[in-house]
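Note that this is a predicted model, so its numbers are computed, not measured.
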Amino acid sequence: MSLRDLLARGYFPKELPTPFVTASFAKCVSTAHALPGDFGKSAANGKKLPAAQACMYSLARGGLLRRPLSICNPLHYFLLSKEIINNWVSIKPRVAGSALSATAPEFKVKGRAIDGKHPQSARSQFARNTRLGRRYILQTDINRFYHSIYTHSISWALHTKPVAKANHSLALLGNKLDYWIRMGQDRQTVGIPIGPDTSLLMAELIMQRCDETLLHALPKLQGHRFIDDYELSFQTRTEAEDAYHLLDASLADFELALNPKKTRVLELPLPLEDPWVTELRQFKFSRGSQPGQAADLNNYFSKAFSLHASNPGEPVLSFAVAKFREMKIAPANWSLFQQLILLCAIPEPASFPYVLEQIIIRKNAGAAVLVPELEEVVNELIVRHSARRHSSEVANAAWGASH
């Protein structure tokens, strides 16, 4: 992994539309002999550069839910990334993965520069393994995780709290990482940016210390963690409740707290995935005639629309559209298919990137686009959401307008 990789494939949040890339920025700052304003030299003592604010990108999720992502100041992100690459030998052992962590950060050759070892789609596989032989599970996550991370706790996780509290100088690596994160968000000490790959690295640095504390107290513990989402397995409800208190205390050492609204002890057996996911996944499409596929498409999307209505806040339509990535659509059904997927965009704007993906892939293969219908959806998204500063709807609609 190089600095150029981290700047090219780990800077902008992955949720931004495809045209938004940072490859040219990465090439410029990683190969230039002298950088504008000589900020590399100015940063040597860490005190001569002004603080900056990240730009907020409001991402649509299921229902009314949104997630504020950060587009970091390029100067401060460069300096943070450079610090990580230059000191990777020291950082790597601290994020190598605990027995619970499914998302231990790894450098990747394709896609994101840094990503979790296992994808979110592996949750059901982990559940099968860690629930085996147990009767109860504890499910919980951290309240407003990225928003609540105390930046000084990065140094605590890297060096231990006593060492970090005794040494506030920038000679300590953890303090440097803390400093560049704070300088990139107007010196705030609470919260780290959501979106850049460096934040997953910082999050895992802290969470793996919490895992270690919990595993020290419960060495036979079974379970897994995806970033801040825990599922832990036990023989009795009492064991699960005791583990909750131990985990809560471990997190408190890093100024973090569990989310009471998402904390529950449940008796097994339980579904391995949401029922609506299973229902859509198991839908069978005809392999025969074009009329049969047309009927299946209508039935499938009718089912998806019904599940969307009965599962508010869940990304039902995004999942429904994404299913067609590997499916061939008969040429005679292409217009029908476009109409059906475009029907998803307004009620669930988070599905629109998946809709565009389907249209663009097939357009590139020679299929004609229903331009008036696409224009109507694009214009509605822009008019409805621009006044609300809903970044993802407007950005994806602008991308769609180019097609």
Side-chain angles (χ1 to χ4, degrees), residues 11-22 52-74 112 120 144-147 185-186 191-196 199 274 276 280 301-302 304-325 335 337-363 369-403:
Y11 180 3
F12 282 175
K14 64 182 179 182
E15 293 84 358
L16 265 63
T18 299
F20 291 85
V21 295
T22 56
Q53 290 184 338
C55 293
M56 291 295 107
Y57 183 90
S58 178
L59 176 70
R61 300 171 66 193
L64 297 175
L65 300 178
R66 307 196 68 82
R67 173 173 291 162
L69 305 178
S70 296
I71 300 177
C72 300
N73 180 279
R112 300 300 297 186
Q120 295 289 333
R144 303 184 76 247
F145 179 47
Y146 281 99
H147 297 290
Q185 51 187 19
D186 205 20
I192 65 174
I194 303 176
S199 290
D274 291 326
W276 65 263
L280 288 177
F301 278 97
S302 292
F305 298 151
S306 177
L307 291 170
H308 168 79
S310 58
N311 293 273
E314 296 293 331
V316 176
L317 300 183
S318 298
F319 182 90
V321 176
K323 181 173 180 175
F324 290 91
R325 281 176 173 151
S335 292
F337 178 67
Q338 285 184 84
Q339 291 174 331
L340 290 169
I341 61 177
L342 284 169
L343 284 172
C344 299
I346 301 302
E348 188 179 302
S351 70
F352 193 50
Y354 301 96
V355 171
L356 283 177
E357 179 185 47
Q358 297 297 324
I359 292 174
I360 291 169
I361 288 173
R362 289 168 171 80
K363 178 190 175 186
V369 177
L370 294 179
V371 174
E373 289 86 344
L374 179 59
E375 283 183 348
E376 183 174 358
V377 170
V378 161
N379 290 334
E380 174 63 20
L381 287 170
I382 291 174
V383 169
R384 180 187 295 255
H385 294 280
S386 57
R388 302 173 183 175
R389 298 184 179 182
H390 289 173
S391 315
S392 63
E393 288 89 335
V394 175
N396 283 301
W399 179 30
S402 67
H403 294 86

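- Aromatic ring pairs are classed by plane angle as parallel below 30°, tilted from 30° to 60° and perpendicular above 60°; the pair W276 and F319 is perpendicular.
- Residues F12 and Y57 place their aromatic rings such that the two centres sit no closer than 6.0 Å.
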side-chain contact (heavy atoms from CB on, under 4.5 Å) between L280 and K323: does it pass, once the steps are laid out?
CA-CA 9 Å; L280 288 177; K323 181 173 180 175; 5.5 Å; no

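- In this structure, S335 and L370 have side chains that are in contact, with non-hydrogen atoms separated by less than 4.5 Å.
- With values rounded to the nearest 0.5 angstrom, I194 atom CD1 is found 6.5 Å from R67 atom CZ.
- Here L317 contributes atom CG and I346 contributes atom CD1; the two are 12.0 Å apart, rounded to the nearest 0.5 Å.
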Q.
Quick one, F324 with L340, criterion side-chain contact (heavy atoms from CB on, under 4.5 Å). Give me CA distance, side-chain angles, the key distance, then yes/no.
A. CA-CA 12 Å; F324 290 91; L340 290 169; over 6 Å; no

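- When every heavy atom of V377 is checked against every heavy atom of A345, the shortest pair comes out as CG1-CB, 3.7 Å.
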- request: Give the intermediate values and the outcome of side-chain contact (heavy atoms from CB on, under 4.5 Å) for residues L16 and I71.
  value: CA-CA 10 Å; L16 265 63; I71 300 177; 4.0 Å; yes

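- In this structure, H390 and P349 have side chains that are not in contact, with every pair of non-hydrogen atoms separated by 4.5 Å or more.
- In this structure, S199 OG and L69 CG are separated by 10.5 Å, a value rounded to the nearest 0.5 Å.
- The two residues A397 and V378 come nearest to each other via the heavy atoms O-CG1, 3.3 Å.
- Residue pairs meeting the salt bridge (Lys or Arg N to Asp or Glu O under 4.0 Å) criterion with at least one partner in residues 391-403, sequence neighbours excluded, are R66-E393.
- Rounding to the nearest 0.5 Å places CD of E376 at 10.5 Å from CG of L374.
- Note that CD1 of I192 is 8.0 Å distant from CD of Q185, once rounded to the nearest 0.5 Å.
- Here S318 pairs with E348 under the side-chain hydrogen bond (donor to acceptor under 3.5 Å, both in side chains) rule; sequence neighbours left out.
- The closest side-chain heavy-atom distance from F301 to C344 is below 4.5 Å.
- The minimum heavy-atom distance linking N73 with Y11 is given by the pair C-OH, 3.6 Å.
- The heavy-atom pair separating L356 from G400 by the smallest distance is CD2-CA, 3.6 Å.
- Side chains of I341 and I359 form a contact here, defined as non-hydrogen atoms less than 4.5 Å apart.
- With a 4.5 Å cut-off on side-chain heavy atoms, M56 and S391 do not count as touching.
- Pairing each heavy atom of V316 with each of A304, the nearest pair is CG1-O, 3.6 Å.
- The environment of CD in E373 is crowded: more than 12 heavy-atom neighbours from other residues, nucleotides or ligands sit within 6.0 Å.
- S392 places none of its side-chain heavy atoms less than 4.5 Å from the side chain of F352.
- For the side chain to side chain donor-acceptor pair (under 3.5 Å) condition, the pairs that include at least one residue of residues 349-360, sequence neighbours left out, are R325-E357, Q358-R362.
- Closest heavy-atom contact between S70 and P196: O-CD, 4.1 Å.
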